[in-house]
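Values below: all heavy atoms of this structure, side chains included; hydrogens, waters and symmetry mates excluded.
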Amino acid sequence: MTNQATGTPVGDRALGDRALWDRAAEGDEAAFGELFERHAEAVWNHAYRLTGSWAAAEDLTSNTFLTAWRRRADVTLVRDSALPWLYTVAGNAARDEHRGAKRRLRLLRKIPDAPVVSDHADAVAERLDGEQRLREVAAAVRTLPKAQREVVELCLLGELSAADAAALLSVAEVTVRAHLSRARARLRTLLEEK
């Protein structure tokens, strides 16, 4: 492969990085392509060691060579290899990305959690389940003997105390408690069967 402008071979490995960089700085895309071919794998490996992620290493390698292309006229290689400068660019980009990720995470933590919006279908299903359960309880209460049913209706459903229920039914408080205990046991058995 030869440079169209100068007619000199570009793919020749005899050309050092400095010569290729100088040509790339003058706009020779083939010279820059040769630099890329020489160092892309090493830059990717370096980026992978910095991040531990294949995808991040790909992104860092791309960003490193994009930066190299944009700054090709501004950079003078100190040594004959472009690799140290490319490693530095990749390292800086990795640190920038890490700092940016930490900033984004801090910002995300500051955002309050979205309020939990209950699903209308869940509320309807829960209400229907509750209504069904209430119908089952009411049906079970109706099967109780009269004395137990009256105590349940007053104490459990009406939330009266045993003393008030005893006064209303004109029975001893101990009788109300006994009926209540038997009714609870019977209701538990009836409702567990369903």
Handout entry: From CA spacing to verdict: side-chain contact (heavy atoms from CB on, under 4.5 Å), Val89, Phe65
Key = CA-CA 9 Å; Val89 172; Phe65 281 98; over 6 Å; no
Problem - Crowding at CD, Glu29 (>12 non-hydrogen neighbours, <6.0 Å) - result: no
Exercise for the section: Not counting sequence neighbours, which residues clear ring-ring contact (aromatic ring centres under 6.0 Å, His included) with His46? List them please. Expected result: Tyr87
Problem - Interatomic spacing from NZ in Lys110 to CZ in Arg106 - rounded to 0.5 Å - result: 7.5 Å
Practice task
Find the distance between CZ (Arg99) and CZ (Arg104) and round it off to the nearest 0.5 Å.
Solution key: 12.0 Å
Handout entry: Steps toward side-chain contact (heavy atoms from CB on, under 4.5 Å) verdict (Leu105, Lys102)
Key = CA-CA 5 Å; Leu105 187 58; Lys102 283 175 44 177; 5.6 Å; no
Exercise for the section: Identify the heavy atoms of Ala31 and Arg23 that sit nearest to each other, and give their distance. Expected result: CB-CB, 3.7 Å
Problem - With sequence neighbours excluded, residues passing side chain to side chain donor-acceptor pair (under 3.5 Å) with Arg49 - result: none
Problem - Heavy-atom side-chain proximity of Val176 to Val171 below 4.5 angstrom - result: yes
Problem - Taking every non-hydrogen atom, the tightest pair across Ala82 and Leu35 - result: CB-CD2, 4.3 Å
Exercise for the section: For residues Asp17 and Ser81, report the shortest heavy-atom separation together with the two atoms involved. Expected result: OD2-CA, 3.4 Å
Exercise for the section: Kindly compute the distance separating NE2 (His39) from CD (Glu34), expressed to the nearest 0.5 Å. Expected result: 8.5 Å
Exercise for the section: Indicate if Val75 and Phe36 have the same hydrophobic cluster label, given that clusters are the connected sets of ILVMFWY residues with side-chain heavy-atom separations under 4.5 angstrom. Expected result: yes
Cut-off 3.5 Å, no hydrogens considered: what does the side-chain donor-acceptor table look like for residues 148-160, sequence neighbours left out?
{"from": "Arg149", "atom 1": "NH1", "to": "Leu144", "atom 2": "O", "distance (Å)": "3.4"}

Problem - By salt bridge (charged side-chain N to carboxylate O under 4.0 Å, His left out) - contacts of Asp22 (at least two apart) - result: none
Exercise for the section: With sequence neighbours left out, write down each residue that passes side chain to side chain donor-acceptor pair (under 3.5 Å) with Arg182, or none if nothing qualifies. Expected result: none
Exercise for the section: Would you kindly confirm whether Leu66 and Leu86 end up in one hydrophobic cluster when ILVMFWY residues are joined by side chain heavy atoms under 4.5 Å apart? Expected result: no
Exercise for the section: Carefully, step by step, assess Leu168 and Asp164 under the rule side-chain contact (heavy atoms from CB on, under 4.5 Å). Expected result: CA-CA 6 Å; Leu168 280 171; Asp164 291 342; 5.6 Å; no
Problem - Other ILVMFWY residues reachable from Leu107 by side-chain steps of under 4.5 Å - result: none
Handout entry: Joint hydrophobic cluster, Val43 plus Leu60, side-chain heavy atoms closer than 4.5 Å
Key = no
Problem - By side chain to side chain donor-acceptor pair (under 3.5 Å) - contacts of Asp59 (at least two apart) - result: none
Practice task
Hey, could you give me each pair passing side-chain hydrogen bond (donor to acceptor under 3.5 Å, both in side chains) that has a residue in residues 60-73? Not counting sequence neighbours.
Solution key: none
Fill in the blank from the handout: Tightest non-hydrogen contact, residues Thr143 and Arg186, listed as O-NH2, 3.9 Å
Handout entry: Pairing residues for Arg177 by the salt bridge (charged side-chain N to carboxylate O under 4.0 Å, His left out) criterion, not counting sequence neighbours
Key = Glu173
Problem - Side-chain cluster (under 4.5 Å, hydrophobic types only) that Leu108 belongs to, other residues - result: Ile111
Practice task
Each residue besides Trp44 in its hydrophobic cluster should be listed here, by chain and number; the cluster joins Ile, Leu, Val, Met, Phe, Trp and Tyr at side-chain heavy-atom distances under 4.5 Å.
Solution key: Tyr48, Trp54
Practice task
Check Ala57 against Thr51 and note the closest heavy-atom contact, atom names and distance.
Solution key: N-OG1, 4.0 Å
Problem - Arg142: partners by side chain to side chain donor-acceptor pair (under 3.5 Å), with sequence neighbours left out - result: none
